[in-house]
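Counting from 1, the numbers follow the sequence of the chain as shown.
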Amino acid sequence: MSKTVFLETHNLKNKATGLGTFNYELIKGLYQLDFNDLKLTLNAKNPEILEAEFGNKFSYNKYNSLSRHSIFRTRKKHDLWHSVNQNTKVEPFRVNKYLLTIHDVNFVEEISSDMNHKANKLFVSKLEKSTAITYISEFAKKQTHQYFKVPNVPEYVIHNGNPITTILDTSNFVSNIPLDKPFLYSIGDFLERKNFLSIAKMMMHITDFNLIISGNNNKPYGIEIATFITENNLQNRVFLTGKVDDIAKQFYLSKCYAFLFPSIREGFGLPPIEAMHFGKPVFLSNKTSLPEIGGENAYYWDNFDPEYMKTTLTDGLNHFYNNQNEMELLMKERAASFNWKVAAAEYLKVYHEILR
C-alpha cells in the first residue's frame with residue numbers, strides 16, 4: 001500500500017509572492033517525476049484549478065481557513081506531513097512523521113526576538129515535532145541555528161529552482177512606462193527589507209538610465225518610495241509599475257540594461273536568478289543569502305550610500321559590457337544551475353528517507 005504524504009501548500013493561492021511561487025514550482029517539479037510508491041496530497045483553496053492542470057497525479061484537499069485553529073486541524077492521519085513554509089498556521093491534529101521546510105527566520109529580526117512571542121512559539125513547536133528539516137539556502141540554515149535550538153534530526157539544504165522555465169512571446173506587450181532610455185529593473189514585494197528606496201536614492205546621481213520597479217507598491221513602503229520620487233522630481237526617471245503578469249515581467253527582464261536587487265534580508269532570492277536567465281548583469285546587496293545565489297560573477301553592494309552605489313553600478317556595467325558575450329554566458333549558466341525538477345527530486349528523496 002502506498003505511503004501518504006500531505007503537502008501543506010495552501011500558500012500557492014498567491015503565486016506573486018515568493019512562498020506562492022515556491023509552492024507552485026515544487027508541485028510542478030514533482031509532477032514531472034515518478035512517485036508511484038507514494039500518494040501525495042496537495043492542500044489548496046481551489047483544488048479544482050490544480051486538478052485541471054495536474055490531473056490524478058496528486059490527491060487534493062480543500063483548504064479551509066478554520067484549519068488554522070487547533071480544534072479544526074486536519075484529523076486524517078498521513079504517513080508524512082510536509083510543512084512547506086515555516087510560517088503556516090495549518091498543522092496536523094496528530095503527527096506521524098513531520099518534514100519542515102525553512103525559507104528564513106526573518107521574523108526573529110523583524111517581529112520579535114522574544115521567544116515567548118507567538119511567531120517564535122509557533123516556529124519552535126514546528127521544530128520540536130520535526131522528523132527532518134530542509135532549508136532553501138545555507139544562509140537559512142545558518143540563520144536558524146543562530147536563533148533557535150535545532151533538534152538533532154537530519155538536515156538538508158535544497159536550493160530552489162528558476163521559476164522561468166519557458167520564454168514567453170513578449171512582442172505584443174506594450175509598456176505604459178516610457179522606454180526612451182535604457183533602463184534598470186527590479187521586482188519584488190514592497191517591504192522595507194527589499195530596500196528599494198536605496199536604488200531610488202541612487203537615481204538622484206544617475207541621468208543616463210531610467211529605473212523601473214515592479215511589485216505591489218500600494219503598501220506603506222511603496223507609498224514612502226512614491227513620495228520620495230515626487231519630492232525629488234524623479235517622476236521622469238523612476239517608475240513603479242505595480243504588480244505585473246509573467247509577460248510584462250519577462251519583457252522588462254529581457255530588455256533591461258541591468259537588474260538591481262538591494263535586499264537586506266533574503267532567505268533565497270528568486271528574481272536575480274530570473275534576470276540571470278536572460279543573461280543580464282545583476283547587482284545585489286552582499287547580505288544574507290544573496291552571495292550564495294548570485295555567485296562570483298554578480299556585482300555586490302556592501303553599503304547603501306547613493307554615490308557609492310552609483311560607482312559600483314558604473315564599474316560593474318563597464319566590466320560586464322566590455323566582456324558581454326562571456327558574461328552573458330556565465331549568467332545563463334548560473335541561472336541554469338537552479339532547477340525545479342532537480343529540487344523536487346531532492347524533496348522526494350527526503351520523503352523516502354524519512355518513510356524508510
Side-chain angles (χ1 to χ4, degrees), residues 2-12 14-44 47 49-60 80 82-85 99-103 132-138 140-141 154-168 246 249-250 253-254 267-279 289 292-295 329-356:
S2 296
K3 294 280 180 81
T4 59
V5 183
F6 186 91
L7 284 82
E8 205 304 90
T9 49
H10 89 273
N11 278 109
L12 58 72
N14 187 357
K15 281 192 239 170
T17 66
L19 289 175
T21 299
F22 177 88
N23 280 253
Y24 180 65
E25 295 296 339
L26 175 60
I27 291 166
K28 274 206 324 193
L30 289 167
Y31 177 72
Q32 298 174 63
L33 301 170
D34 174 14
F35 50 84
N36 292 336
D37 54 335
L38 298 175
K39 182 182 176 185
L40 304 190
T41 297
L42 308 179
N43 195 31
I49 295 174
L50 288 177
E51 192 166 7
E53 183 170 359
F54 301 114
N56 61 3
K57 182 96 173 184
F58 301 99
S59 298
Y60 303 92
L80 170 62
H82 182 185
S83 191
V84 302
N85 156 22
L99 173 64
L100 175 62
T101 292
I102 298 175
H103 300 253
I133 301 169
T134 58
Y135 303 90
I136 65 168
S137 62
E138 293 290 350
K141 180 178 178 181
E155 297 177 274
Y156 310 84
V157 173
I158 303 175
H159 281 149
N160 295 344
N162 176 4
I164 294 182
T165 50
T166 307
I167 302 289
L168 302 174
D246 285 343
K249 179 172 76 168
Q250 288 201 20
L253 284 170
S254 63
F268 189 78
L270 289 170
I273 299 173
E274 295 177 307
M276 290 190 287
H277 185 76
F278 288 99
S289 69
E292 191 179 335
I293 305 310
L329 187 61
L330 287 169
M331 291 292 106
K332 289 177 179 178
E333 286 175 353
R334 181 73 184 170
S337 72
F338 298 96
N339 183 297
W340 273 113
K341 188 176 178 183
V342 171
E346 290 290 312
Y347 281 100
L348 268 186
K349 194 171 159 192
V350 172
Y351 295 169
H352 284 117
E353 287 178 13
I354 293 173
L355 291 168
R356 196 161 41 203

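Although no hydrogens or angles enter the test, the distance criterion places a donor-acceptor pair under 3.5 Å between the side chain of E8 and the main chain of H10. Here the side chain of E292 pairs a donor or acceptor atom with the backbone of E138 at under 3.5 angstrom. Between the side chain of N56 and the backbone N or O of F58, no donor-acceptor pair lies under 3.5 Å. Formation of a donor-acceptor pair under 3.5 Å by the K141 side chain with backbone atoms of V157 is not found in this model.
To the nearest 0.5 angstrom, L30 atom CG is 4.5 Å from L26 atom CG. Separating the OG atom in S337 from the CD1 atom in I293 is a distance of 9.0 Å, to the nearest 0.5 Å. Considering CG of N160 and CG of N339, their distance stands at 11.5 Å, rounded to 0.5 Å. For the atom pair CG of L80 and CD1 of I354, the computed distance is 5.0 Å after rounding to the nearest 0.5 Å. To the nearest 0.5 Å, atoms CD1 (I102) and OG1 (T134) are separated by 7.5 Å. Atom CD1 of I158 sits about 7.0 Å away from atom OG1 of T101, to the nearest 0.5 Å.
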* Evaluate the ring pair (Phe, Tyr, Trp, His ring centres under 6.0 Å) criterion for residues F35 and Y347: first the C-alpha distance (whole Å), next the side-chain angles of each, then the deciding distance (0.1 Å), finally the verdict. => CA-CA 11 Å; F35 50 84; Y347 281 100; over 10 Å; no
* Determine, stepwise, if the pair K3 / H352 fulfils side chain to side chain contact (heavy atoms under 4.5 Å, CB included). => CA-CA 9 Å; K3 294 280 180 81; H352 284 117; over 6 Å; no
* To do: Check step by step if side chain to side chain contact (heavy atoms under 4.5 Å, CB included) holds for L99 and V350.
  => CA-CA 9 Å; L99 173 64; V350 172; 4.0 Å; yes
* To do: Could you please spell out the steps behind the side-chain hydrogen bond (donor to acceptor under 3.5 Å, both in side chains) verdict for E155 and Y135?
  => CA-CA 8 Å; E155 297 177 274; Y135 303 90; 2.5 Å; yes
* Asked: Given the rule in the side chain to side chain contact (heavy atoms under 4.5 Å, CB included) test, do L38 and S2 qualify, once you have shown the distances and angles that lead to the verdict?
  -> CA-CA 5 Å; L38 298 175; S2 296; 5.8 Å; no
* May I have the step-by-step check of side-chain hydrogen bond (donor to acceptor under 3.5 Å, both in side chains) for N11 and N23, ending in yes or no? => CA-CA 7 Å; N11 278 109; N23 280 253; 5.0 Å; no
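The closest side-chain heavy-atom distance from E333 to M276 is not below 4.5 Å. Residues H82 and Y351 have side chains in contact (heavy-atom distance under 4.5 Å, counting atoms from C-beta outward). Contact of the L7 side chain with the L40 side chain is registered, since non-hydrogen atoms from C-beta on lie closer than 4.5 Å.
The pair K28-E53 does not count as a salt bridge, with every side-chain nitrogen at least 4.0 angstrom from each carboxylate oxygen.
Screening T9, L12, V84 for a side-chain contact (heavy atoms from CB on, under 4.5 Å) with F22, the sole residue that qualifies is V84.
Minimum interatomic distance between L33 and K57 (heavy atoms only, all atoms of both residues): O-NZ, 2.5 Å. Among all heavy-atom pairs drawn from W340 and P163, the shortest one is NE1-N, 3.8 Å. Nearest heavy-atom pair across H277 and A335 is N-CB, 3.4 Å. The minimum heavy-atom distance between S137 and H159, with the atom names listed, is CA-CD2, 4.1 Å. Shown here for Q250 and L168, the closest heavy-atom pair between the two residues is OE1-N, 2.9 Å. Residues S254 and F278 share a closest heavy-atom pair of CB-CD2, 3.7 Å.
Ring centroid separation for the pair F268 and H103 does not come in under the 6.0 Å cut-off.
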